[in-house]
Amino acid sequence: MKDFGVSVYPDLESAEEIHNYLELVSRYGCKWVFSSMFSVEGTNEEILDYFRKLNADVHSFGMKIVLDVNVVFLKKLGVDCNDVSLFHEIGCDVMRMDGSYGAEGDLKLVQNPYGIMVMLNASSGAGKELDSFVKHNVPKDRVLLGHNFYPQPLTGLKWQHFLDTNKFLAPFGYPIQAFISSNNPDAGGVWDAAYGLPTVECLRKLPIDLQARILQASGNVDMLWIGNAFATEEELKSLQAALAAPRDVTKSPLAEAFRSYGLTMNQSTEDRKLKVIPEKDITEQEYYNLFDLYPQMDAGDSSEWIWRSRAGRLMHPSIPARVCDKKEFEVGDVLIVNNNYRHYAGEISVVRIPFENDGLRNLAGHLAPGEEKLLALIGDGDEVTFLDKTKE
């Protein structure tokens, strides 16, 4: 995941509140700020003056501003696809088009001489416009594809539609953005949004970092923006951690073991972070194998029943068998092979389909609530980092 952004709403929040929020989010790696221009009331000059000041404030923190507009609003300002000099004058970095001038008009828009980027509505596909952009060699840094957010509960995109749409859009090569939601009860947004502002409905009520990790694992999503405001500092911390780069494999305890087996450790640019609630009786060695050894990944030759990482066994640990009263392991149980199968001792498994407890694996923990949604998206060869939920 490259970047994340936030949203601010001048019709709902004071300039001072927005400034303080921008200062806060800049400390956590925020790169983009989204704001709805056509929801602000006033004369043309009042609106332009406000956003001139907001845009300068955003730029003072090293971030870029995205202004949500539509054709009717642009006409009111005296702007059309042939001349966006007004947006250059107020310091706009990206015009987010809630609507379209059509393929020909949008092509003129993205070819503006000021370098202002254009964000098209990804949720509706925008196939004709993108075909035209590719045909006319529109640079990849001039276009963004931004999904809608949905204030009304039960109206967000279907999960499969979201995946299918992104799969269609990805080959065009322009970055794809989606919205996630703060769960701050005081957060709001356009049109009395009090129920979050996500792109995908099934993510609406999940913790913000889990929303991010799920979208990251879904593939073809390049940017995440928080749709409602204001997110809490705790949420920003968790989001920053969720999007953090994987650990340096050259510093992994497994590095020497890999070399001794003639294996190569490649540095991944992304990992899939799974939160685990460890068992109270987990041993020090089991904890080390689960949380401290990396990289962990399934080579792709596992059965349907488990996600399997061989990494831990390369250290030749001793994992004494522990009594577990479960007759059957459940989906989301996190297991570690014990000394009853000595050759494989130390391997980590995560249960995908329930199976009998045959005494070969110790119960090390269980995925935290909601994490099974992410487990379903982890593919063969994806690097996985296990995080101790109880240490938050």
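Throughout, numbering of the chain's residues begins at 1 and tracks the sequence. As a basis for the values below, the full set of heavy atoms in this structure was taken, side chains included, without hydrogen atoms, waters or symmetry mates.
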Residues Asn339 and Ser318: side-chain donor-acceptor under 3.5 angstrom: yes
Which atoms form the tightest heavy-atom contact between Ile214 and Lys373, and what is the distance? CD1-CB, 3.8 Å
CA sep, side-chain torsions, deciding dist, call: Leu236, Leu24, side chain to side chain contact (heavy atoms under 4.5 Å, CB included): CA-CA 9 Å; Leu236 293 170; Leu24 174 65; 3.7 Å; yes
Give the minimum heavy-atom separation between Ser181 and Pro198, together with the two atoms involved. OG-N, 3.1 Å
Please determine if Lys140 forms a cation-pi arrangement with Tyr174, meaning its NZ or CZ atom is less than 6.0 Å from the six-membered ring centre and no more than 45° off the ring axis. yes
Same cluster or not: are Met265 and Phe386 linked, directly or through other Ile, Leu, Val, Met, Phe, Trp or Tyr residues, by side-chain heavy atoms under 4.5 angstrom apart? no
What do you reckon, are the aromatic ring centroids of Phe4 and Tyr28 less than 6.0 Å apart? no
Check: Asp388/Thr390 side-chain N/O donor and acceptor closer than 3.5 Å: yes
With a 4.0 Å cut-off, would you call Arg96 and Asp68 a salt bridge? yes
Under-4.0 Å salt bridge between Asp209 and Arg213: yes
If we ignore angles and hydrogens, is there a donor and acceptor under 3.5 Å between the side chains of His59 and Asp93? yes
Is there a side-chain contact between Leu77 and Phe87 (heavy atoms, below 4.5 Å)? yes
Any Lys/Arg nitrogen of Glu256 or Arg259 sitting under 4.0 Å from an Asp/Glu carboxylate oxygen of the other? yes
Which word best sums up how the rings of Phe329 and Phe355 line up, parallel for under 30°, tilted for 30 to 60°, or perpendicular for over 60°? perpendicular
Roughly how far, to the nearest 0.5 Å, is the NZ atom of Lys167 from the CD atom of Gln160? 9.0 Å
Run the side-chain hydrogen bond (donor to acceptor under 3.5 Å, both in side chains) test on Asn228 and Ser7 for me, step by step, so that the C-alpha distance in whole Å, both residues' side-chain angles and the decisive distance to 0.1 Å come before the verdict. CA-CA 6 Å; Asn228 50 351; Ser7 305; over 6 Å; no
Hey, does the Lys NZ or Arg CZ of Arg313 hover above the aromatic six-ring of Tyr344, less than 6.0 Å from the centre and inside 45° of the axis? no
Parallel under 30°, tilted from 30 to 60°, perpendicular over 60°: which one fits the rings of Phe179 and Phe149? tilted
Do Asp98 and Asn121 pair up side chain to side chain, a donor and an acceptor below 3.5 Å, judged on atom types alone? no
Salt bridge Glu392-Lys275, side-chain N to carboxylate O under 4.0 Å: yes
Going by atom types alone, do Ser100 and Glu129 pair a side-chain donor with an acceptor below 3.5 Å? yes
Passes side-chain hydrogen bond (donor to acceptor under 3.5 Å, both in side chains), Thr155 versus Glu201? Steps please. CA-CA 7 Å; Thr155 63; Glu201 186 59 40; 4.7 Å; no
Do Val384 and Trp307 make a side-chain contact, defined as non-hydrogen atoms from C-beta onward lying under 4.5 Å apart? yes
Pair His147, Asn166: side-chain N/O donor-acceptor within cut-off below 3.5 Å: yes
Hey, are Thr385 and Asp271 close enough side-chain-wise for a donor-acceptor pair under 3.5 Å? yes
Might you point out which heavy atoms bring Asn362 and Arg322 nearest each other, and give the distance in Å? OD1-N, 3.1 Å
Between Lys326 and Asp333, does any NZ, NE, NH1 or NH2 come within less than 4.0 Å of an OD or OE carboxylate oxygen? yes
